[in-house]
2 protein chains.
Amino acid sequence: MAKKQASQTRTTARASVSADDLAPAEGRQLILDTAARLFREEGYANTSLRDIAAECGVTTGSIYHHFGSKEEIVTEVLRIGVVRVAEEVRRAVMSLDPASEARTILHAAVYAHLHALLELQDYTSANVRIFGQVPPSIREKHIVVRDAYETYWHKLLQRCALQGTFNPARDLRLTRLFLINALNGSLEWYRPEIASIQKLAHELTELFLDGLDANPRR
Amino acid sequence: MAKKQASQTRTTARASVSADDLAPAEGRQLILDTAARLFREEGYANTSLRDIAAECGVTTGSIYHHFGSKEEIVTEVLRIGVVRVAEEVRRAVMSLDPASEARTILHAAVYAHLHALLELQDYTSANVRIFGQVPPSIREKHIVVRDAYETYWHKLLQRCALQGTFNPARDLRLTRLFLINALNGSLEWYRPEIASIQKLAHELTELFLDGLDANPRR
DNA sequence: GTCTATAATATGATAGAC
DNA sequence: GTCTATCATATTATAGAC
């Protein structure tokens, strides 16, 4: 398998994967966007290269000019799904006053995660849905990317806990797992009519910090 | 190229979906159990009837004696995945003292859900993973089964709220969605070494009722 | 109830013209 | 960079013997 170069985001192909460009995607980027959408909708094994090609208005032969194999496409789709979310969360947290209290930090991270997750729907939703369908070799490589992001969240919670306001009985590891599951699950039911992303972030932050029971102190 | 490792793991000892019988499953039941496991591990489209047949020690011809099509198999796997969990939760809640306080009710429901979910791993995990991969006609029929269970949870939370101890600012609809996502997400990371099901249920109940922040009243 | 064949189709990937 | 073939396999499902 000849891999010419590690996947470099081209400056020319600014992608519908980033929400800010208005020009329709082309070539490699169009193939990626289309693949992400079809993987999400139909699953990995059930999406053929012919399907992707047809949706792009090209033939399967052309796809092999841009990618070496179907596996190469799905690898890139999976990577983008996690890395873009992680980047946005890191950026949001870094832009905060370092002395911010736990509630502020958590809310910023939760909002940034939800925003990127639901903005990149095709990539992130594909990620959640097809992870269990790709060949084990791809799965193993991708798990590294996932773990790095989980570790980031773990450190974030530990940093918040250092402020001393958390109930020491809480298990931060389980809390992190429950929180990330609650965040990512929104992919399956989120619609703007139900509630805005702001509302989601607010509600989830309050729920995880204060709980369902009333607390007269606040 | 999709090369499949002929997994030689003999799993005849694995518990079938009817947990009470100790004899290894046979015929129709063996096919269902095997299909559920393979669907979960490899995805729906990537699991062929040959794979299922081979793992059962029969041929594809035999499968068509028990089921009319591959879709008929997956329909039943999906149904079992939700219905069994729902049944166990209903039973647990019904066996409680009707005057039980919210914390008791919630804990019982959370524990029952986790217990059934992780006990029936092949069926419930297949359910979560392959839902997005089956033909739309099957998906639509199955969504009815899912919605019924979601409605049950909604009523459960409303019943708890009637006791008047909940913070009225909380959104019960979003809370339910976050809770079910947190519960089902455990399928992807649960291992007994991390924490017992009891521990999971306890931690999740406390987290959703009391939150992460310390509360001096308790 | 299980088997052996086999039909009809779809798939990932390649070669080579333009 | 895209096209038109085409190869070698794998797929669901069926027919009919035992």
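Here is how names work: the chains are called A, B, and so on, in the same order as the sequence lines, proteins then strands, and each is numbered from 1.
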Listing time: all N or O pairs from protein to nucleotides 2-6 of chain C that are below 3.5 Å?
| residue | atom | partner | partner atom | Å |
| --- | --- | --- | --- | --- |
| C:dT2 | OP2 | B:H66 | NE2 | 3.0 |
| C:dC3 | OP2 | B:T59 | N | 2.7 |
| C:dC3 | OP2 | B:T59 | OG1 | 3.2 |
| C:dC3 | OP2 | B:S62 | OG | 2.8 |

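- Per the geometry, CD1 belonging to A:I73 stands 9 Å off P belonging to C:dA13, to the nearest Å.
- Considering every non-hydrogen atom in both A:L30 and A:T34, the closest pair reads O-OG1, 2.7 Å.
- Taking B:R79 as the reference, B:E76 meet the salt bridge (charged side-chain N to carboxylate O under 4.0 Å, His left out) condition, with sequence neighbours excluded.
- Near DNA chain C, defined here as any heavy-atom distance below 4.0 Å, the residues from residues 35-48 of chain A are A:T47, A:S48, listed numerically.
- In this structure, A:K70 atom NZ and C:dA10 atom P are separated by 15 Å, rounded to whole Å.
- Between B:I63 atom CD1 and D:dT11 atom P there is a gap of 13 Å when expressed in whole angstrom units.
- A:R40 pairs by the side chain to side chain donor-acceptor pair (under 3.5 Å) definition with A:Q121, A:D122, not counting sequence neighbours.
- Counting to the nearest Å, the P atom of C:dG12 and the CG atom of A:L49 are 5 Å from each other.
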Validation: residues 87-96 of chain A side-chain donor-acceptor distances under 3.5 Å, sequence neighbours left out:
| residue | atom | partner | partner atom | Å |
| --- | --- | --- | --- | --- |
| A:S95 | OG | A:A92 | O | 2.9 |

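- Not counting sequence neighbours, B:Q158 has no partner by the side chain to side chain donor-acceptor pair (under 3.5 Å) test.
- Counting only residues at least two apart or on different chains, the ring pair (Phe, Tyr, Trp, His ring centres under 6.0 Å) pairs with a member in residues 31-57 of chain A are A:F39-A:Y44.
- Residues passing the side chain to side chain donor-acceptor pair (under 3.5 Å) test with B:H66: none are found, sequence neighbours excluded.
- Rounded to an integer number of Å, the gap from OH of A:Y64 to P of D:dT4 is 17 Å.
- Every residue two or more places apart in sequence or in another chain was checked for a side chain to side chain donor-acceptor pair (under 3.5 Å) with A:Y190, and none qualifies.
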